Number of protein chains: 2
Amino acid sequence: MTKREYSSKEIQALIAQRGLKVTQQRLVILQFMLTRETHPSAEEIHRELVNQYPSLSLGTVYKTLDSLTVSGLLHKVFCVDGIKRYDVNLQPHAHLYCNTTHQIIDFEDSELQKLVWGYLQEKKIQNFQIEGVQLQIQGTIQNPEKAVIIESGVTL
Amino acid sequence: MTKREYSSKEIQALIAQRGLKVTQQRLVILQFMLTRETHPSAEEIHRELVNQYPSLSLGTVYKTLDSLTVSGLLHKVFCVDGIKRYDVNLQPHAHLYCNTTHQIIDFEDSELQKLVWGYLQEKKIQNFQIEGVQLQIQGTIQNPEKAVIIESGVTL
DNA sequence: ATCGATGCAAAGACTTTGCAGCCAG
DNA sequence: CTGGCTGCAAAGTCTTTGCATCGAT
């Protein structure tokens with residue numbers, strides 16, 4: 001499974017569909033998120049984009065991530081390091097968190113998703129309305145220098 | 001399954017076993033963590049304990065949580081709200097996160113744990129050494145005012 | 001033209017650090 | 001005694017907020 005590409009037109013549509021104004025900043029930030037398999041923080045996003053878009057301010061990155069999240073295009077990601085990170089919300093997936101590099105990497109595995117969802121649907125926790133499940137697999141990347149395709153299609 | 005009680009003696013032993021000095025502050029903080037089913041932040045812990053122990057400083061709470069974590073008595077908890085929270089590390093369990101009250105509640109369910117662990121053991125992710133799994137179930141508590149025992153033994 | 005979005009800077013929230021003095025072993 | 005621990009305060013990091021200006025519709 002490879003990440004599909006999104007055209008500028010498609011990204012514009014995603015934003016417009018949610019009733020948000022299609023600004024340069026939103027386009028650029030959402031595009032950036034769509035091309036990433038890891039989940040950069042606001043500061044990382046700003047650092048990487050500010051060269052190409054020098055007027056982009058860090059405050060705008062925070063505000064943009066927030067409005068894209070409220071509108072449902074992004075999800076916040078749980079993370080032990082206490083930094084807020086975001087995730088393009090296309091299909092459900094788990095995350096690999098590297099204790100060494102502090103990267104978060106998508107782990108798409110529909111079987112695992114079904115397993116957990118199925119179990120929880122069955123179980124019906126009393127007094128609690130389930131809205132989502134976040135699964136994070138903590139561990140260590142073995143060879144950070146080598147890019148290897150792992151089973152689920154994630155590139156490490 | 002009900003939370004078991006820990007005597008002061010037992011808590012002292014837990015701390016001493018890890019080669020840490022048994023101070024009043026560590027005793028009090030660890031005891032507090034052991035009696036809680038939710039996972040308070042450092043500030044919440046301080047706020048709740050400072051009445052009874054007025055000399056306890058917030059900095060010490062942070063340092064204590066850190067040393068207990070390094071020694072393996074606590075685990076950091078993933079959380080969307082960006083605040084660092086800690087968890088007494090006794091048996092593996094999932095967490096319920098309430099989007100409304102922002103509480104984190106233990107969800108002990110050995111069957112679910114086995115399900116996920118078993119699957120991942122089987123799968124063997126290439127190039128990644130698994131050290132732990134964190135499962136967080138996001139949703140909303142239905143009746144925060146009513147305390148109800150749910151199936152896994154957690155009191156909501 | 002209008003109203004929401006941006007950029008900037010200041011404030012805020014949370015956490016870490018440095019160091020003098022204290023206390024458990 | 002002695003080294004690790006605490007309390008305090010200052011500094012640091014990450015995030016939010018307020019407001020004048022700008023720009024998408």
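Computed from a predicted model, the values in this text were never measured in an experiment. Throughout, a chain's letter reflects where its sequence line sits, starting with A, and its residues are numbered from 1. Excluded from the calculations below are hydrogen atoms, water molecules and symmetry mates; all remaining heavy atoms, backbone and side chain alike, are included.
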So for atom CD, which belongs to B:Q121, do other residues, nucleotides or ligands contribute more than 12 heavy atoms lying within a distance under 6.0 Å? yes

Under 4.0 Å, counting only non-hydrogen atoms across every strand here, what does B:T60 touch: a base, just sugar-phosphate, or nothing?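 Base contact - B:T60 has a heavy atom under 4.0 Å of at least one base atom.
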
Would you classify A:S55 as touching base, sugar-phosphate or nothing, given that sugar-phosphate means primed atoms plus P, OP1 and OP2, and contacts are heavy atoms under 4.0 Å?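 The answer is sugar-phosphate, as A:S55 gets under 4.0 Å only of primed atoms, P, OP1 or OP2.
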
Are any of [X]'s side-chain N or O atoms less than 4.0 Å away from OP1 or OP2 of [N]?
X	N	answer
B:Q24	D:dC5	no
B:Y62	C:dT16	no
A:T23	C:dT6	yes

What is the distance, rounded to the nearest whole Å, between atom [atom1] of [X] and atom [atom2] of [N]?
X	N	atom1	atom2	result
B:L68	D:dC5	CG	P	11 Å
A:R47	D:dC14	CZ	C1'	12 Å
A:Y53	C:dA5	OH	C1'	18 Å
A:K63	D:dT21	NZ	C1'	12 Å
A:I83	C:dT16	CD1	P	11 Å
B:Q25	D:dT6	CD	C1'	6 Å
A:K84	D:dT13	NZ	P	18 Å
A:L58	C:dC8	CG	C1'	11 Å

Find which nucleotide of DNA chain C each of B:K21 and B:D66 is nearest to by heavy atoms, and output the residue with the more 5' nucleotide.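 On the 5' side of the pair lies B:D66.
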
Measuring from atom CG of A:L20 to atom CG of A:L73, what distance do you get when rounded to the nearest 0.5 angstrom?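 One gets 7.5 Å once the value is rounded to the nearest 0.5 Å.
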
Once you round to the nearest 0.5 Å, how far does CG of B:D109 lie from NE2 of B:H93?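 Taking CG in B:D109 and NE2 in B:H93, the distance rounds to 12.0 Å.
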
Grab the two heavy atoms, one from A:A94 and one from A:Q113, that are nearest each other, plus how far apart they are. N-NE2, 3.3 Å

Salt-bridge present (A:E44, A:R36; N to O < 4.0 Å): no

Which nucleotide wins on minimum distance to the side chain of A:S57, given the candidates C:dC14, C:dG7, D:dT15?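 Between C:dC14, C:dG7, D:dT15, the one nearest the side chain of A:S57 would be C:dG7.
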
With nearest nucleotides of DNA chain D determined for A:G59 and A:E43 from heavy-atom distances, which residue corresponds to the more 5′ nucleotide?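 Final value for this comparison: A:E43.
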
Most 5' of B:R26 and A:Y86 on DNA chain D, judged by nearest nucleotide: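 Its nucleotide being nearer the 5' end, the pick is B:R26.
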
